[in-house]
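A note on names: the letters A, B, ... follow the listed sequences, proteins ahead of strands, and every chain is numbered from 1.
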Amino acid sequence: MPTRSSEPLPASFYARPVLEVAPELLGCTVQHGATAGVIVETEAYHEQEPACHAHVGLTPRTRVLFGAPGTAYVYRSYGIHALLNAVCEDEGVGAAVLIRALRPIAGFEQMRERRAAGGARTLRDRDLCSGPGRLTQALGVQMTENGTSLVDGPVLVLPREAPTEQVVVSERIGITKAAELPWRFSVAGEENVSRPWPWRSPRSGTRRTRAGETT
DNA sequence: CATGGGATTGACT
DNA sequence: GTCAATCCCATGC
């Protein structure tokens, strides 16, 4: 039972350009019940670019995306995984930050149980939340949390305790539209990040680092 | 109402 | 490297 060391981030934190919020969420904590982890990877999405679900306009599915900043947008991906986003910018604007990876800090055993129940075979600490579908599984975040408040819970986002880390920028992962936008943010040297496939290497030799610059 | 496409993961060749 | 699993919903007839 982790003691909440501080109050959740206020809605005003999210009511800003999504490209500001996405890197600033790095280092913040996502907490759900007894499980929690520090955000180490995010991606920004905005209605004005086609990779964002809100790009198609207001529909039953995207309603939450156009809602109040600080709301959780949870959607099902590939029919299997629930992906967690934080709705940003003003109400009426469709924008959100996808939480792609966490460094687990509390509730390790419960995370392991949930991940094992979900079929995971590797249960090292760094496999628990190193991917957008993995972290929701580990934290027990489901579609039922779609539309709930990240300020009032049940899923909470708490401010970071340590100041600025080294932010690494790169292209978003797993999308086909607007894939060139450098809207993915992670922490330099962080091990608990998602790696759906090796980061682009033209021909031979596996590149370890692929990134733009820091801020 | 039928169809098709994912902001993924894990297993396998 | 390839591939299947499986659900929500946008789109089109």
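Between B/dG10 and A/R134, a contact under 4.0 Å exists linking OP1 or OP2 to a side-chain N or O. Applying the 4.0 Å criterion to OP1 and OP2 of B/dG10, one finds that A/R115 has a side-chain N or O inside that range. Listed pair A/S77 / B/dA7 fails the phosphate criterion, with no side-chain N or O lying under 4.0 Å from OP1 or OP2.
The nucleotide whose nearest atom lies closest to any side-chain atom of A/H81 is, among B/dA7, C/dT11, B/dT8, B/dT8. For A/R121, the listed nucleotide lying nearest its side chain is B/dA11; candidates were C/dA10, B/dA11, B/dG10. Side chain of A/V56, nearest nucleotide from C/dT11, C/dC8, B/dT9: C/dT11.
Ion pairing between a basic and an acidic side chain is recognised when a charged N comes within 4.0 Å of a carboxylate O; A/E49 and A/R172 show such pairing. Using a cut-off of 4.0 Å between Lys/Arg side-chain N and Asp/Glu carboxylate O, A/D127 and A/R115 are scored as not salt-bridged.
Using a 4.0 Å heavy-atom distance criterion, A/R63 is classed as making no nucleic acid contact. Counting non-hydrogen atoms under 4.0 angstrom, A/R61 reaches the backbone sugars and phosphates but no base.
Rounding to whole angstrom units, NE2 of residue A/H53 and P of C/dA10 are separated by 10 Å. Taking atom CD of residue A/Q142 and atom P of nucleotide C/dT6, one finds them 17 Å apart after rounding to whole Å. The nearest whole Å value for the distance from the CD atom in A/Q137 to the P atom in B/dG10 is 7 Å. Rounded to a whole Å, the CG atom of A/N146 is 16 Å from the P atom of B/dA7. A/R100 places its CZ atom 12 Å from the C1' atom of B/dT9, with the value rounded to the nearest Å. Atom CZ in A/R76 sits about 12 Å away from atom P in C/dT6, given to the nearest Å. Remark: C1' of B/dG5 and CD1 of A/I175 are 15 Å apart, rounded to the nearest angstrom. As a whole-Å value, the separation of A/Y75 OH from C/dA10 C1' is 15 Å.
Judged by the 6.0 Å distance and 45° axis criteria, A/R100 is not positioned over the aromatic ring of A/F185. Remark: A/R16 fails to qualify as a cation-pi partner of A/Y14 under the 6.0 Å distance and 45° angle criteria applied to the six-membered ring.
Side-chain atoms of A/S130 come within 3.5 Å of backbone atoms of A/R126 as a donor-acceptor pair (strictly under, hydrogens ignored). Here the side chain of A/H55 pairs a donor or acceptor atom with the backbone of A/E47 at under 3.5 angstrom.
For A/Y78 and C/dA5, a side-chain-to-base donor-acceptor distance below 3.5 Å is absent, hydrogens and geometry of angles not being considered.
With DNA chain B read from its 5' end, the first of the two nearest nucleotides for A/L135 and A/K177 is the one closest to A/K177. Judged by closest nucleotide on DNA chain C, A/I80 is the one of A/I80 and A/M143 placed further toward the 5' end.
Here the shortest heavy-atom pairing between A/A86 and A/L150 reads CB-CD1, 3.6 Å.
Base-pairing analysis of DNA chain C finds the following stems of at least three consecutive Watson-Crick or G-U pairs, with both pairing distances under 3.5 Å: B:1-6 with C:7-12, B:8-12 with C:1-5.
Under a cut-off of 6.0 angstrom, the local environment of CD in A/E20 is crowded, with over 12 non-hydrogen atoms contributed by other residues, nucleotides or ligands.
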